[in-house]
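What follows is a single structure, written as structure tokens, with notes after it.
Order of the sequence lines sets the chain letters (A, B, ...), proteins ahead of strands, with each chain counted from 1.
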Number of protein chains: 2
Amino acid sequence: MNIGDVATHAGLPAKTIRYYEDIGLVQPKRSANGYRTFRQSDVHKLAFLGRARALGFTIEDCRSLLKLYADTARASAEVKHIAQEHLGRIDRKIAELTEMRATLGNLVESCAGDHRPDCPILADLAV
Amino acid sequence: MNIGDVATHAGLPAKTIRYYEDIGLVQPKRSANGYRTFRQSDVHKLAFLGRARALGFTIEDCRSLLKLYADTARASAEVKHIAQEHLGRIDRKIAELTEMRATLGNLVESCAGDHRPDCPILADLAV
DNA sequence: CTTGACCTTCCAGCGGGTGGAGACCCCATC
DNA sequence: GATGGGGTCTCCACCCGCTGGAAGGTCAAG
């Protein structure tokens, strides 16, 4: 399969797939004309990557997950560990954003938003 | 004031302050020895930037907010508009993360996390 | 006069791609 | 055989918002 078809099947831009090859996540073969040739297993891998990335796993997480996926003697504990770390990151990020949201929400509510210059948002930023 | 003191007062790393000068957010003077010299108003500006960044505003937002702050004839509507746009971004981000959290949370819960290879997390990623 | 803390510039790199230039390649149509 | 259009190739630059480090200048204290 050529990169364009793979892009369609895996739901990733061709550019991203090339980038994933660059950083060693997939190793497609090359045909005589120099085009990348993807096996079914590569397409599968890329779809896996797409889903892992959609869940917010970092590229390095993805690398580890792919390794574990390929290793049928893995311990699920290892996978779970990675996922839990990531869950922690997500929770921290949500907490951070929620706090921003609260502060900023209050400020926005208290701002008249009219033609006058008085603005609690700026007042707060300026302290 | 030299950059080190400003860093302390404004709560920003010196590197960041230099960067902010680079992109035109502050314009400190220079003393004879080439050192940056910050006026009180610069320090104030940098503290403003620090707070705006802590609320997640982009650098470009900050640039606009500083301009509005300096303009005593501003309409608070303009400030509110920027803040509301940002609020929307935050809300979308929170929604995205919350969805990730839900999916990943379920997967993590359903994973035994022991020495055995069976893993619902990998199973889900592989589809 | 030296030491050590500060300051300067410049260049490189993070993560995770994305855009574009310029050049091949392949197939279909005239 | 020429031409056109789509795919593909590599390479380099850029996005954001810094951050780290190297190599050097400056200043005050001891």
Side-chain angles (χ1 to χ4, degrees), chain A residues 1-38 42-43 45-46 48-66 82 85-86 89-90 92-93 96-97 100, chain B residues 1-38 42-43 45-46 48-66 85-86 89-90 93 96-97 100:
Chain A
M1 239 196 252
N2 282 352
I3 201 164
D5 302 316
V6 178
T8 309
H9 280 264
L12 292 173
K15 278 260 178 190
T16 300
I17 297 174
R18 288 195 197 100
Y19 172 67
Y20 286 174
E21 184 192 13
D22 235 47
I23 61 174
L25 289 179
V26 274
Q27 290 92 25
K29 307 270 174 219
R30 298 288 177 136
S31 44
N33 59 13
Y35 285 18
R36 287 167 184 82
T37 303
F38 296 83
D42 292 319
V43 181
K45 228 177 187 177
L46 286 164
F48 181 105
L49 285 168
R51 279 183 293 268
R53 291 290 297 133
L55 283 179
F57 284 106
T58 66
I59 291 285
E60 283 320 302
D61 283 344
C62 289
R63 204 185 293 278
S64 308
L65 289 171
L66 273 182
I82 294 174
E85 290 272 300
H86 180 40
R89 290 196 303 262
I90 291 178
R92 281 190 296 282
K93 193 74 198 166
E96 188 191 333
L97 287 172
M100 281 183 191
Chain B
M1 238 197 252
N2 282 351
I3 199 164
D5 303 315
V6 178
T8 310
H9 277 93
L12 291 172
K15 278 263 179 190
T16 300
I17 297 174
R18 288 195 197 98
Y19 173 67
Y20 286 175
E21 184 193 13
D22 235 48
I23 62 173
L25 289 180
V26 273
Q27 290 92 28
K29 306 270 175 221
R30 297 289 177 134
S31 45
N33 59 12
Y35 287 17
R36 287 168 185 82
T37 303
F38 297 82
D42 291 319
V43 181
K45 226 176 186 178
L46 285 164
F48 181 105
L49 285 168
R51 280 183 292 269
R53 291 288 300 133
L55 283 178
F57 284 106
T58 66
I59 292 285
E60 284 320 302
D61 283 344
C62 290
R63 203 185 292 278
S64 308
L65 289 171
L66 273 182
E85 290 272 299
H86 180 38
R89 289 197 303 262
I90 292 178
K93 193 75 197 169
E96 188 190 333
L97 287 172
M100 281 183 191

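Interatomic distance, CG of B:Asp5 versus NE2 of B:His9, reported as 7.0 Å (0.5 Å rounding). Distance check, rounded to the nearest 0.5 Å: OG1 of B:Thr37 to CE of B:Met1 gives 11.0 Å. With values rounded to the nearest 0.5 angstrom, A:Thr58 atom OG1 is found 5.5 Å from A:Arg89 atom CZ. A:Leu46 contributes atom CG, which lies 5.0 Å from atom CD1 of A:Ile17 (distance to the nearest 0.5 angstrom). In this structure, CG in A:Asp42 is found 11.5 Å from CG in A:Leu25, a value given to the nearest 0.5 Å. Separating the CD atom in B:Gln27 from the CZ atom in B:Phe38 is a distance of 11.0 Å, to the nearest 0.5 Å.
Side-chain nitrogen and oxygen atoms of A:Arg53 include at least one within less than 4.0 Å of the OP1 or OP2 phosphate oxygen of C:dG17. The side chain of A:Arg63 contributes no N or O atom lying less than 4.0 Å from OP1 or OP2 of C:dG15. Dashed line: the shortest gap from a side-chain N or O of B:Arg36 to OP1 or OP2 of C:dT8 is under 4.0 Å.
For the pair B:Asp22 CG and C:dC10 P, the interatomic distance rounds to 9 Å; values are reported in whole Å. C:dG17 atom P lies 14 Å from atom CD1 of A:Ile3, rounded to whole Å. Spacing between atom CZ of B:Arg18 and atom P of C:dA12 amounts to 19 Å, rounded to whole angstrom units.
Mapped onto DNA chain D by nearest heavy atom, B:Ala32 and B:Glu60 fall at different nucleotides, with B:Glu60 at the one closer to the 5' end. Both B:Thr58 and B:Tyr35 lie near DNA chain D, and the one whose nearest nucleotide falls closer to the 5' end is B:Thr58.
Contact footprint of chain B on DNA chain D: nucleotides with an atom under 4.0 Å from a non-hydrogen protein atom, first to last in 5' to 3' order, D:dG17 to D:dC27.
The existence of a salt bridge linking A:Glu21 and A:Arg18 is excluded, since no basic side-chain nitrogen approaches an acidic carboxylate oxygen closer than 4.0 Å.
Residues B:Ile90 and B:Lys93 fail the side-chain proximity criterion, which asks for heavy atoms closer than 4.5 Å.
Residue A:Phe57 is out of contact with every strand shown, counting any heavy-atom pair closer than 4.0 Å. Looking at heavy-atom distances under 4.0 Å, A:Ile23 makes no contact with the nucleic acid at all.
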Detail all sub-3.5 Å separations between protein N/O atoms and N/O atoms belonging to nucleotides 18-20 of chain C.
| from | atom 1 | to | atom 2 | distance (Å) |
| --- | --- | --- | --- | --- |
| C:dT18 | OP2 | A:Thr16 | OG1 | 2.8 |
| C:dG19 | N7 | A:Lys15 | NZ | 3.0 |
| C:dG19 | O6 | A:Lys15 | NZ | 3.0 |
| C:dG20 | O6 | A:Lys15 | NZ | 2.3 |

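Across every non-hydrogen atom of A:Ala14 and A:Ile3, the tightest pair is O-CD1, 3.6 Å.
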